[in-house]
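Single-structure report; data block below.
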Amino acid sequence: MASSELTSSQPSRPPRPNLAFRQLRGQRSPAEFAAAVRRAAREIGERVSCDARYVGRVEAGEIRCPNYAYERVFLHMFPGRTLTDLGFAPRSSVRGRRALADEDAPLMHTTSPAHATGETCGGHEPYDPKDPHAPHDPYVAEQHHQNHQNHEIHEESDVLRRAFMTGGGATVAAASLSPLGLAFDAAAVERPVRRVGGHEADALEEAVRRIRLLDDRHGADGLYRRAAAPLRAAYELLDAGTTRRAIGDRLHSGAGELAISVGWLAHDSGRFDDARSHYAEALATARMAGDPALEAHAFCNMSFLARDAGRPREAVRAAQAAQRAARPLGSSRLMSLLALREAGGWAGLADRTGCEQALVRAQALYGRGGSEADPEWMTFYGEAELEVLEAQCWSVLGNWQRAARHAARAAQLQDPHFTRNIALYTAELADDLARGGRPDEAAAAGMRVLDLLDQVQSSRVQTMLAGTARVLLPHRRASGVSAFLERHASVPRKP
């Protein structure tokens, strides 16, 4: 077998600072500017997780070209300017690895094409179908045929690759954090383990962001199969240790958030036992690190899982525990979401009074608006999510008309870029309409969901559609129902 040892073909060059972007920030602090970016995103219906660290990396030149969501936000903030005017490189110059080698990234090559799945000389992006040596993943291959929005996963790929492929054995763990499978340096296994630092913490945090982005776009099923390795690598980084307390705190927080993200992928794809295990791991990490924000997030997801698994009393208790952990954090939006989690548990217990009280509390807290204290992971939580969670409560309580009204509003409010959520909200609407005695409207909504299934892989959506189809079976003669049932029956089921 030919050698798989990877070597650098040219010295690395430091990134060039983005002075134009720094000038546009003016007298505002990075945190203030990040808040302005998030506000601008909300104005145009985008959701970005911008913080001071992201702004700093842009200004340092580490992010040479933003993803499409950030591009839309920046161009909205600075009308009449182009990305080049903002100090970014043209998108075409950062897409492929060949272009990356031409500018400022160290290129890795191998003597054997059989190992050309990583940073190879003159290659394409990982899993590019034009690369005959790329590992076959049907889910990723399908993504290459979709529109440009699906390529946002490449944000900041240049700086991440540099962090992944330098250093010793600890960075080998960081190298496997990418959900798309960046290069793995086999020879590095033999090198001494060094202490981990800021590069690895950055890589871990970016892995969490990318997983969330992919889930928002396409659902959990295809992604969950590839998420286990990054999670193992995250905990290996914790074991490697660091000499700086701040880096250690970031690693613990990042590992816990990644465990929650992977748990959600398991949850959404129907693997409840796996999800419970991942959430418990995140909770243990939070307790060990003394991180109340991570603890609140873990309990939040545990409450949601308990509701879906038919354990409503546990859902209520987990939501209440989350609220105790979150109260000192000062985020009204977080407390609003946790009140909705509690409402879902009360609905499962058929406690209408408890449910209504929690819903009123959730609405009031949401009405206070967002703040700097809102966690980064809550970017999904807007008015549309609030509406659909309330719809689910009324659905469990058997008030189909009220549930359908909230579900319809959720589907109307949802940002069109979040395809998975549009499918989920519309599936909720179809089920509520079917159970509420409106089969023709239910069939029409179901058809809209079926139109999205080529872009979304979610067991949750498929399960909801199957339930709607069963409810509609006695109504075949209603307008559009027969066509929906026939088309639904022809959809390939997940193995």
Side-chain angles (χ1 to χ4, degrees), residues 38 42 47 260 264 267 279 282-283 286 291-414 421 424-425 428-429 432:
R38 296 196 298 273
R42 289 194 291 270
R47 295 187 184 279
I260 291 172
W264 166 248
H267 180 175
Y279 291 159
L283 181 60
D291 187 339
L294 180 59
E295 181 175 342
H297 192 185
F299 272 128
C300 175
N301 280 44
M302 293 172 80
S303 175
F304 198 18
L305 175 64
R307 188 208 71 170
D308 285 354
R311 300 190 298 270
R313 195 170 302 281
E314 180 183 326
V316 170
R317 292 173 65 89
Q320 292 172 341
Q323 290 170 76
R324 288 193 296 272
R327 195 164 288 115
L329 302 177
S331 170
S332 296
R333 286 286 168 88
L334 175 56
M335 294 298 290
S336 172
L337 175 60
L338 298 177
L340 285 169
R341 295 286 187 248
E342 182 181 341
W346 289 124
L349 290 169
D351 187 335
R352 184 184 178 114
T353 300
C355 180
E356 287 183 325
Q357 290 175 346
L359 288 174
V360 168
R361 194 164 70 251
Q363 291 279 3
L365 288 163
Y366 186 86
R368 295 179 184 176
S371 73
E372 291 297 315
D374 296 340
E376 180 181 341
W377 59 267
M378 283 192 63
T379 53
F380 75 94
Y381 184 56
E383 194 175 357
E385 183 73 11
L386 186 151
E387 291 286 345
V388 81
L389 290 175
E390 182 164 353
Q392 291 169 358
C393 289
W394 292 117
S395 179
V396 172
L397 290 169
N399 191 331
W400 311 115
Q401 182 177 354
R402 199 164 180 177
R405 186 166 67 248
H406 285 285
R409 181 163 170 76
Q412 292 167 359
L413 289 170
Q414 182 56 52
N421 280 358
L424 178 64
Y425 299 169
E428 176 68 36
L429 173 61
D432 293 334

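Heads up: numbering here begins at 1 and tracks the sequence. Side-chain atoms are counted along with the backbone in the values below, which use heavy atoms only and exclude waters and symmetry mates.
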If you measure from [atom1] on [X] to [atom2] on [Y], what distance do you get to the nearest 0.5 Å?
| X | Y | atom1 | atom2 | result |
| --- | --- | --- | --- | --- |
| Trp264 | Trp377 | CH2 | CH2 | 11.5 Å |
| Arg361 | Leu340 | CZ | CG | 9.5 Å |
| Asp291 | Leu283 | CG | CG | 11.0 Å |
| Gln392 | Leu424 | CD | CG | 6.5 Å |
| Glu342 | Gln323 | CD | CD | 5.0 Å |
| Gln412 | Leu429 | CD | CG | 9.0 Å |

Does [X] reach the side chain of [Y], with side-chain heavy atoms less than 4.5 Å apart?
| X | Y | value |
| --- | --- | --- |
| Leu389 | Arg341 | yes |
| Arg324 | Phe299 | no |
| Ser331 | Pro375 | yes |
| Met335 | Leu329 | no |
| Arg352 | Trp394 | yes |

- Under 4.0 Å between a Lys/Arg side-chain N and an Asp/Glu carboxylate O for Arg38 and Glu372?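 A salt bridge is present here (some side-chain N lies under 4.0 Å from a carboxylate O).
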- Message: Quick check on side-chain hydrogen bond (donor to acceptor under 3.5 Å, both in side chains): which of Glu387, Glu385, Arg409 does Tyr425 satisfy it with?
- Response: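 Of Glu387, Glu385, Arg409, side-chain hydrogen bond (donor to acceptor under 3.5 Å, both in side chains) with Tyr425 is met by Glu385 alone.
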- Query: More than 12 heavy atoms of other residues, nucleotides or ligands under 6.0 Å from CD of Glu383: is that the case?
  - Reply: yes
- Message: Using a 6.0 Å cut-off, check whether atom CZ of Arg317 has over 12 heavy atoms from anything other than its own residue.
- Response: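 12 or below, so no.
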- Query: Just by modelled atom types, is the Leu305 backbone N or O under 3.5 Å from a matching donor or acceptor in the Asp308 side chain?
  - Reply: no
- Message: I'd like to know whether Met378 forms a side chain to side chain contact (heavy atoms under 4.5 Å, CB included) with Leu337, so could you lay out the CA-CA distance, the side-chain angles of the two residues, the decisive distance to 0.1 Å, and finally the verdict.
- Response: CA-CA 9 Å; Met378 283 192 63; Leu337 175 60; 4.2 Å; yes
- Sorted by first residue and then second, give each ring-ring contact (aromatic ring centres under 6.0 Å, His included) pair with at least one member in residues 321-371; sequence neighbours left out.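 Matches after skipping sequence neighbours: Tyr366-Tyr381.
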